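A quick write-up on the structure given underneath.
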Amino acid sequence: MLTIALSKGRILQQTLPLLEKSGIEINNINSRKLVLNTNLNEIKVIIIRATDVPIFVQHGVADIGVTGKDMLIEHGANGVFELLDLKIAKCKLMIASEPEKKLQKNTLKIATKYIEATKNHFENKSQQVEIIKLNGAIELAPKIGLSDCIVDLVATGNTLKANGLVAVENIMDISSRLIVNTAAFKTKNAEIKKLVETINKII
Ligand code: PRP
C-alpha cells in the first residue's frame, strides 16, 4: 500500500493530469473525505495544504507527496528525500517593492511568508533584515508602511502589478517536487521506484 499526499489548489490541478497519465485516477475527488481511494487498490491519496505535505511525509502518514520547493525549504526537508522535479506549478520567489524604493539600508524590513528562504538569501548577501511574517495579502505590506519590500511567489506578475509593486530580484525558480519518506523509501523501494520511473517518463 502506498499513500500519496497531494497539495490542494493550483498544484493539485497540475498534478492530476500527471497521475492520470501514470494510470492513477482518484475516486470521489470532490468528497469531504480526507483519505481517498483510487482506481488502484494499492494506492490511496490524501489532499491537504501544500505547507502540510512535507510534515505528513516526514512523519510517515504519507509515503510520498507532491509540494512546492518553497514549502520544502520552509519545512527544512527533515526525514524526506526529494525524488523528482515535476516541473509543474512553476513560479519564482522574488523580492518586490514600490517602484524607485531605496532598498540600501542597514536593516531592511521584509514582509513574507517564506522566512527560511528569505533569511538564507539575505545572510548570503550579508544584509541585515527584520522579517515580518505574514500569511497572506503580503503585497499590501509596503503600501501601508509595514515593510520596505516583500518576498513572495510571482507567477504571472498580475498580483504585483495590481498592487503597484515591481519585481526587484529573483531569489529562485520554484516548481513542485515529488518527495518520499526516508524510511518508506527503503521498505517500499520497489513500488516507489516503479511509480517514480512512470512519472519521470511522462515529465
Ligand atoms: C500567490 C502569491 C501571490 C500570487 C502571485 O498567492 O502569494 O500573491 O500567487 O501570482 P501572480 O504573479 O500570477 O499574480 P496564492 O494565490 O497562491 O495565494 P496565497 O496568497 O494564499 O499564497
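Computed from a prediction, not measured in an experiment: that's the story for all the values here. Remember, it's 1-based here, ligands and their atoms both numbered in the order they're listed. We're numbering straight along the sequence, starting at 1.
What you find for Asn27 and Asn39 is that their closest heavy atoms are OD1-N, 3.8 Å.
Summarising the geometry, atom CG belonging to Leu195 is positioned 4.5 Å from atom CD1 belonging to Ile64; distances are rounded to the nearest 0.5 Å.
The heavy atom nearest to atom 8 (O) of ligand 1, out of those in Glu139, Lys92, Met94, is found in Glu139.
Salt-bridge check for Glu169 with Lys125: passed, with a basic side-chain N closer than 4.0 Å to an acidic carboxylate O. A salt bridge between Lys92 and Asp173 is present, with a side-chain N of the basic residue lying under 4.0 Å from a carboxylate O of the acidic one.
Of the protein's non-hydrogen atoms, Thr159 OG1, 3.6 Å is the one closest to atom 4 (C) of ligand 1. Nearest protein neighbour of atom 5 (C) of ligand 1, counting heavy atoms only, is Leu153 O, 3.4 Å. For atom 16 (O) of ligand 1, the nearest non-hydrogen atom of the protein is Arg10 NH2, 3.2 Å. With respect to atom 13 (O) of ligand 1, the closest heavy atom belonging to the protein is Thr156 OG1, 2.5 Å.
A donor-acceptor pair under 3.5 Å is formed between the side chain of Asn181 and the backbone N or O of Ala183.
Close N/O approach between Gly136 and ligand 1 is not found [any backbone or side-chain N/O within under 3.5 Å]. The shortest N or O to N or O distance between Asn135 and ligand 1 is not under 3.5 Å.
Residues Asn37 and Lys44 have side chains that bring a donor and an acceptor to within less than 3.5 angstrom of each other.
At least one heavy atom of Lys113 sits less than 4.0 Å from an atom of ligand 1.
There is no protein heavy atom closer than 4.0 angstrom to atom 18 (O) of ligand 1.
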